Amino acid sequence: MKKVCLKAFGDSSAKSYPINEIRYRSDDGKTLEVANNLKVLNEKQVALLKKLFDKRAASWNIIDRSGVWRYREFLPAFAPFDTVVSMPEGNTPIYTMPHCAGYVGMASLFAKHQGMNPTGSFKDNGMTTAVSMAKKLGSRIVACASTGNTSASMAGYAARAGMKSIVFIPDGQIAYGKLSQSLDYGALTIQLDGDFDKAMNIVEEVCVRGNIYLLNSINPFRIEGQKTIMIEMLHQLAWKAPDWVIVPGGNLGNSSSFGKAFSELKQCGFIDKVPKIAVIQAHGANPFYTSFVNHSTIMQPMHAETRATAIKIGNPVSFEKALFAVNFSGGVVEEVTEQEIAIAKSMVGLDGIGSEPASATTVAGCKKLIAKGVIAPDATVVCILTGNLLKDPDYTVEFHRDELYSDVDRTSTVTGTQRITTEGRSNKPVKLPADTNTILAYIDKYDKC
Ligand code: F0G
């Protein structure tokens with residue numbers, strides 16, 4: 001049997017590196033992936049494995065309970081699973097979204113809400129595996145650059161593992177909910193002058209030269225854990241693949257991991273049908289979209305601008321892997337405006353779920369792809385809501401007060417900065433006197449409209 005190893009992405013004949021060698025790129029600078037060399041399973045073996053997953057889902061043992069480690073047959077790099085750091089993560093719900101379905105023009109629409117993870121984002125699925133690997137490798141100190149969620153997740157898991165953590169964040173450009181998490185979990189938090197892309201360049205060099213373990217999604221063990229978002233989704237849908245999975249695109253780690261999950265599941269005979277992957281970017285941070293519409297296999301980095309700060313990324317690390325994911329699955333890349341993101345986010349809220357702005361690109365993208373005829377209105381579609389509503393409360397409150405601007409620092413349009421209109425969908429807080437009669441009269445009026 002071939003051993004699990006690291007290889008340059010997309011080249012099966014490339015030089016392999018041992019799984020326990022700390023490196024993030026091949027000798028010629030390419031990103032790495034874990035070559036799992038999974039065995040092809042026959043029908044009986046597939047059925048037995050599915051039964052085992054069902055049994056584990058009902059267990060209280062933390063490694064079985066985790067929505068990541070439950071599927072450990074697809075994570076052989078971490079065997080014998082003796083350094084697992086788990087909260088436990090995953091087990092995120094799939095919700096129906098009737099309001100959003102009506103909004104996009106479908107009879108039904110689903111959301112897998114990764115914001116229901118322990119630190120409130122999908123990063124936990126990949127952080128449990130990457131921090132477990134850090135522990136296996138004997139790392140004492142870990143680091144990442146982040147638009148906020150990676151840092152929150154890394155700081156949390158590092159604290160649980162008894163490791164020190166360092167986060168590099170673009171100064172003033174991450175949401176407060178996320179900043180508060182890395183501070184509270186004890187990370188050394190370095191606010192860099194510049195954007196995420198600059199922070200990403202610096203952290204890779206700092207880690208290599210400073211002997212610090214890098215936990216951005218360039219770390220292939222992050223991608224391994226995030227594969228289980230798709231495995232768990234299929235499990236929850238009784239192994240019936242949806243037609244489409246829609247995911248926001250920033251640094252493109254998540255879409256890459258979805259592509260790897262489907263490709264491995266298919267190769268080893270676990271699934272027949274591969275859902276199409278639609279990656280949605282914000283118009284102001286759309287390098288993947290631009291290369292996709294130009295049929296280019298080369299990405300042109302750009303300066304990114306969007307109020308969906310989680311995906312304010314102009315030079316995504318995992319471009320090639322994400323392109324594979326889209327092409328392999330027969331999917332697409334789409335872009336949406338600030339306006340479309342804001343309105344879609346308010347619709348997710350009306351379904352009683354809520355999400356942070358970047359996650360709402362999925363619903364906005366779905367509406368656009370239906371209008372273009374790319375997605376059929378009767379298709380089964382799962383939107384991946386990547387982060388919790390509470391991550392970025394400022395955005396939500398500004399929206400509902402009709403004070404949402406495309407530039408985070410502005411409070412007026414005097415400078416020419418655009419206000420993002422709410423299209424009448426804001427839910428302004430009301431001020432009333434502390435008088436029961438007035439309040440009841442107001443409620444009566446509210447109830448009748
Ligand atoms: N949604 C949220 C809520 C995110 O935090 C991110 C990325 C994305 C989508 C995009 O995912 O990078 O895998 O394409 N946040 C990173 C961070 C970059 O530092 O927290 P991606």
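Bear in mind that the values here come from a model prediction, so they are computed numbers and not experimental data. Note that ligands are numbered from 1 as they come in the structure, with each ligand's atoms numbered from 1 the same way.
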4.5 Å side-chain heavy-atom contact, Thr119 and Tyr185: yes
Quick one: list whatever passes side-chain contact (heavy atoms from CB on, under 4.5 Å) with Asp243, sequence neighbours left out. Lys273, Ala379, Thr380
To the nearest 0.5 Å, atom CZ of Phe262 lies from atom CE of Met230 at 5.0 Å
Take Glu338 and Thr306, measure what side-chain hydrogen bond (donor to acceptor under 3.5 Å, both in side chains) needs, and give me the verdict at the end. CA-CA 7 Å; Glu338 294 297 299; Thr306 170; 2.6 Å; yes
List for me each residue that meets side-chain contact (heavy atoms from CB on, under 4.5 Å) alongside Leu237, sequence neighbours excluded, and say none if there are none. Ile94, Met233, Pro242, Val382
If you look at each N/O of ligand 1, which protein N/O atoms lie under 3.5 Å away, and at what distance?
residue, atom, partner, partner atom, Å
ligand 1, 1 (N), Thr386, OG1, 2.7
ligand 1, 5 (O), Asn149, ND2, 2.8
ligand 1, 12 (O), Asn251, N, 2.7
ligand 1, 12 (O), Leu252, N, 3.4
ligand 1, 13 (O), Gly253, N, 3.1
ligand 1, 13 (O), Asn254, N, 2.8
ligand 1, 14 (O), Gly250, N, 2.8
ligand 1, 14 (O), Asn251, N, 3.3
ligand 1, 14 (O), Leu252, N, 2.7
ligand 1, 15 (N), Lys123, NZ, 3.0
ligand 1, 15 (N), Thr147, OG1, 3.4
ligand 1, 19 (O), Ser146, OG, 2.7
ligand 1, 19 (O), Thr147, N, 2.8
ligand 1, 19 (O), Thr147, OG1, 3.3
ligand 1, 19 (O), Thr150, OG1, 3.1
ligand 1, 20 (O), Ser146, OG, 3.3
ligand 1, 20 (O), Thr147, OG1, 3.4
ligand 1, 20 (O), Asn149, N, 3.0
ligand 1, 20 (O), Thr150, N, 2.8
ligand 1, 20 (O), Thr150, OG1, 3.1

Between side-chain atoms of residues 83-92 and protein atoms elsewhere (two or more places apart, or another chain), which donor-acceptor pairs fall under 3.5 Å?
residue, atom, partner, partner atom, Å
Thr83, OG1, Ser132, O, 3.0
Ser86, OG, Glu89, OE1, 3.4
Ser86, OG, Glu89, OE2, 2.7
Glu89, OE1, Met87, N, 3.0
Glu89, OE1, Tyr157, OH, 2.6
Glu89, OE2, Ser66, OG, 2.7
Asn91, OD1, Arg70, NH1, 3.2
Asn91, OD1, Arg70, NH2, 2.8
Asn91, ND2, Arg65, O, 2.7
Thr92, OG1, Lys112, NZ, 2.7
Thr92, OG1, Gln114, OE1, 2.6

